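All of these numbers come straight from a predicted model, not from anything done at the bench. By convention in this document, chain letters (A, B, ...) are assigned in the order of the sequence lines, proteins followed by strands, and residues within each chain are numbered from 1.
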Amino acid sequence: MIQAQSMLRDLTEKALQELFQLSGPEPVFQKTRKEFEGDFTLVTFPYVKPARKSPDAVATAIGEYLAAHSKYVSGFNVVKGFLNIALHDAYWLEFLTHAGAMPHFGIKEEGTSGRTIMLEYSSPNTNKPLHLGHVRNNLLGYSVATILKANGHKVIKANLVNDRGIHICKSMLAWQKFGAGETPSSSNMKGDHLVGKYYVAFDKAYKSEVKQLIEKGLTEEEAKKQAPLMLEAQEMLRKWEAGDAAVRELWKTMNGWVYEGFSITYRHLGVNFDVMYYESNTYLLGKELVQEGLKKGVFYKKENGSIAIDLTAEGLDEKIVLRSDGTSVYITQDLGTAIERFHEFKELNQLIYTVGNEQDFHFKVLFSILSKLGYSWATECYHLSYGMVELPEGKMKSREGTVVDADDLLAEMQATAEATTKELGKVDGFNAEELEKLYQLIGLGALKYFILKVDPRKKMLFDPKESIDFNGHTGPFIQYTHARIKSVMRRAGTLQDTIDPTALSHAAERDLLRCIYEFPAVVEIAGATYNPADIANYVYELAKYYNRFYHECPIMKEERADVQRLRLAISELSARVIAEAMLLLGIEVPEKM
RNA sequence: GGCCUCGUAGUUCAAUGGAUAGAACGAAAGUUUCCUAAACUUUAAAUACAGGUUCGAUUCCUGUCGAGGCUACCA
């Protein structure tokens with residue numbers, strides 16, 4: 001099967017050489033816009049000046065050359081310097097046969113590229129439940145991992161759990177003080193929510209202490225440092241680091257509650273991990289590295305004894321890598337863990353961190369230091385930086401309880417799916433269990449699509465008052481299109497005596513095929529740019545094309561057997577590409593809905 | 001203050017420097033004796049502002065205005 005655009009590109013290069021003695025720039029064919037006649041379009045302006053001809057003359061000459069030299073080119077037209085090339089039906093029929101015969105059209109098998117990538121995502125703190133911001137992280141990380149696999153790479157999904165630190169101690173302390181022995185089972189609360197409750201309780205009590213101290217005449221800064229609760233939390237952290245048995249025991253118990261809660265949320269979200277890391281095991285990494293770097297002269301010791309690196313040449317300022325008391329800062333362990341992973345997985349080519357864009361600066365510094373330390377793979381490290389999810393009133397804050405809780409949101413989506421489905425009343429044959437599964441699939445489809453269709457780099461807005469849509473540019477619309485095709489396929493199952501088509505019968509068939517044809521290229525681009533939104537917007541377009549085709553081209557009622565066969569084959573392939581594409585987003589599609 | 005993002009219909013999102021800036025929701029109108037109307041077809045509606053580069057700028061550059069983030073011996 002000849003790939004149309006590369007065929008046209010190669011032939012056009014020859015044409016430029018023969019007609020105008022030009023080499024380069026490389027001709028790129030894009031999809032012809034729908035208001036014009038043709039399949040692929042070449043912009044000829046780059047060749048106008050060197051060829052010393054008018055745009056239309058250049059376009060016409062190339063068009064004639066292509067028509068004469070390729071059996072697939074059926075004709076061309078020129079509009080204001082744009083050369084539109086049309087391909088014969090035979091090409092599209094050949095494509096349909098070819099793609100239809102592939103078990104996973106557009107998807108490469110994992111491991112065939114020879115590249116191994118570790119993708120870290122999720123990385124929650126164990127002091128509070130997951131909220132909508134974490135949901136974006138999880139869905140993005142999972143989807144990018146799946147897309148990278150579809151590009152043939154081997155992917156190791158990693159989760160680095162932030163299970164230690166002052167924030168954990170705050171929850172622990174508040175539970176000790178105000179909890180009265182409450183447990184997830186005694187309160188009938190999900191473990192992560194219970195722990196989160198005490199994190200909020202700490203903040204509330206702490207704020208009132210600060211307020212009182214300020215009233216006694218302290219400055220705000222002094223009050224924040226001297227509040228008894230904060231001092232206690234810091235003391236607890238010291239005890240934790242010293243291995244105090246009671247503190248460690250409480251820490252284990254409460255983290256255990258959180259993990260039980262997280263595993264439920266992860267299961268609902270449909271995300272998973274190949275390796276788990278815990279900061280309590282890794283937070284000391286990197287210290288020796290600092291000594292090495294000091295010897296190499298990459299780092300230097302400051303007067304007060306702390307160790308730093310000068311990155312002012314790169315516009316990144318001076319950065320402390322070890323405190324004067326010899327303890328680690330955050331970047332110390334990040335340096336250590338990065339190196340550790342390349343030791344642990346010898347075949348590793350790339351390390352991707354799925355972390356919000358508020359840490360852009362941190363990762364620039366991290367990669368720069370790794371590079372200065374002489375690690376060749378430093379250039380392969382990538383910060384998959386995504387924008388915050390904002391509410392109409394601004395950023396979400398766990399401490400202040402102004403968050404959209406992940407579990408609540410999932411439950412709400414499922415309830416909406418249930419209500420909508422019941423209202424439409426199209427699921428007679430389903431039993432209770434199947435219905436439950438369908439509601440979950442649709443609710444989750446709506447949520448995942450809503451989040452993944454937005455360019456990850458951009459911040460996005462979520463208004464809890466306006467529920468996520470199920471009509472229009474949404475997951476359920478695409479799921480519905482799939483179910484609709486499957487319904488036709490079930491009816492067609494009984495058909496016999498079909499004839500192979502020799503031509504297309506309708507413009508909608510051609511449009512749809514050309515859209516399907518794009519799929520492998522879209523998967524490549526999405527992989528290269530780590531962008532699930534490319535897939536999401538593509539599959540929406542595909543569903544739109546299918547629905548148009550569906551309305552304009554009858555299938556079961558079509559009398560000509562060859563045309564019917566053609567339309568069934570296109571439908572079958574459409575359904576498969578929709579399902580594959582949605583899977584790349586972590587979204588399942590139903591047979592019926 | 002310095003650095004980094006970002007300003008597109010009423011709203012939420014699209015647009016490798018290319019043709020008349022696409023969708024969806026919302027608004028207005030239509031399609032069901034017809035394969036699933038969670039669909040399809042119409043209409044109205046937008047590039048913050050001012051310069052510059054270019055055959056061509058939403059896209060690149062500069063400035064103004066506006067929004068967010070970062071700027072810890074926190075994580």
Cation-pi, A:Tyr386 ring and A:Arg457 (6.0 angstrom, 45 degrees): no
Salt bridge flag under 4.0 Å for residues A:Lys207 and A:Asp203: yes
Check: A:Phe363 main-chain N/O paired with A:Tyr353 side-chain donor or acceptor under 3.5 Å: no
Any A:Arg491 side-chain nitrogen or oxygen under 4.0 Å from OP1 or OP2 of B:U36: yes
Atom pair distance, as rounded to whole Å: NZ in A:Lys592 and P in B:C35: 16 Å
Options B:U16, B:A23, B:C35, nucleotide nearest the side-chain atoms of A:Lys34: B:A23
Atom NZ of A:Lys31: over 12 foreign heavy atoms under 6.0 Å: yes
Nearest-angstrom distance from the residue atom CD of A:Gln333 to C1' of B:A75: 8 Å
Span that lies between the P atom of B:A75 and that of B:U58, in whole angstrom: 47 Å
Would you tabulate the nitrogen or oxygen pairs shorter than 3.5 Å linking the protein to nucleotides 8-12 of chain B?
none

Atom-to-atom span, CD of A:Glu314 to P of B:C70 - whole angstrom: 22 Å
P gap between B:U5 and B:A9, integer Å: 22 Å
P-based separation of B:C13 from B:G30 [nearest Å]: 32 Å
CG-CD1 distance between A:Leu335 and A:Ile309, expressed to the nearest 0.5 angstrom: 8.5 Å
Distance-only donor-acceptor test (3.5 Å): side chain A:Asp455, base B:A15: no
Check: A:Glu418 side chain, A:Gln440 main-chain N or O, donor-acceptor pair, under 3.5 Å: no
Residue closer to the 5' end of RNA chain B, A:Glu35 versus A:Lys302 (nearest nucleotide): A:Glu35
Contacts of type side chain to side chain donor-acceptor pair (under 3.5 Å), residue A:Glu314, not counting sequence neighbours: A:Ser368, A:Lys372
Side chain of A:Val79 (C-beta onward), nearest among B:C35, B:A19, B:G69: B:A19
Interatomic distance at P, B:A23 relative to B:A44, whole Å: 12 Å
Atom pair OG1/CG of A:Thr126 and A:Asp192 - distance to nearest 0.5 Å: 10.5 Å
NZ/A:Lys224: more than 12 non-hydrogen atoms of other groups inside 6.0 Å: no
A:Glu390 side chain, from C-beta outward: closest of B:G68, B:U36, B:A75: B:G68
Face-to-face stacking of A:Tyr540 with B:A23, centres under 5.5 angstrom, angle under 30°: no
Between B:U36 (C1') and A:Ile555 (CD1): distance, integer Å: 12 Å
Integer angstrom distance from the P of B:U59 to that of B:C49: 11 Å
Whole-Å P distance, B:G10 and B:A46: 7 Å
Whole-Å C1' distance, B:A39 and B:C25: 16 Å
Residue pair A:His383 / A:Phe367, side-chain heavy-atom distance below 4.5 Å: yes
Candidates A:Arg548, A:Arg567, A:Arg565 - the one meeting salt bridge (Lys or Arg N to Asp or Glu O under 4.0 Å) with A:Glu509: A:Arg567
Closest contact, heavy atoms only, A:Lys302 versus A:Ile320: CD-CD1, 4.0 Å
Value in whole Å for how far the C1' atom of B:A19 lies from CG of A:Asn84: 9 Å
Length of the CD-C1' vector between A:Glu423 and B:U36, whole Å: 16 Å
Set of side chain to side chain contact (heavy atoms under 4.5 Å, CB included) partners for A:Thr282, sequence neighbours left out: A:Leu160, A:Glu279, A:Leu285, A:Gln333, A:Thr337
Under 3.5 Å: donor-acceptor pair, side chain of A:Asn137, backbone of A:Thr354: yes
Sugar-phosphate only, base, or nothing, as touched by A:Leu322 at under 4.0 Å among non-hydrogen atoms: nothing
Cation over ring face, A:Arg9 and A:Phe29, 6.0 Å, 45°: no
Integer-rounded Å distance: B:U16 P and A:Lys31 NZ: 12 Å
Annotated protein contacts, base or backbone, on nucleotides 39-45 of chain B with a non-hydrogen cut-off under 4.0 Å, one of B, S, - each: BSS----
Validation row: A:Val329, A:Leu322 side chains within 4.5 angstrom (heavy atoms): no
What pairs of nitrogen or oxygen atoms, one from the protein and one from nucleotides 53-57 of chain B, lie under 3.5 Å apart?
unit_1: B:C55; atom_1: OP1; unit_2: A:Lys49; atom_2: NZ; d: 3.2

Rounded distance in Å - CZ (A:Phe361) to P (B:G68): 21 Å
Rounded P spacing from B:U16 to B:G68 in Å: 28 Å
Under the 3.5 Å Watson-Crick or G-U criterion, the dot-bracket string of RNA chain B, with | for inter-strand pairs: (((((((..((((....[...)))).(((((.......)))))....(((((..]....))))))))))))....
Nearest-nucleotide 5' precedence on RNA chain B, A:Phe82 against A:Lys557: A:Phe82
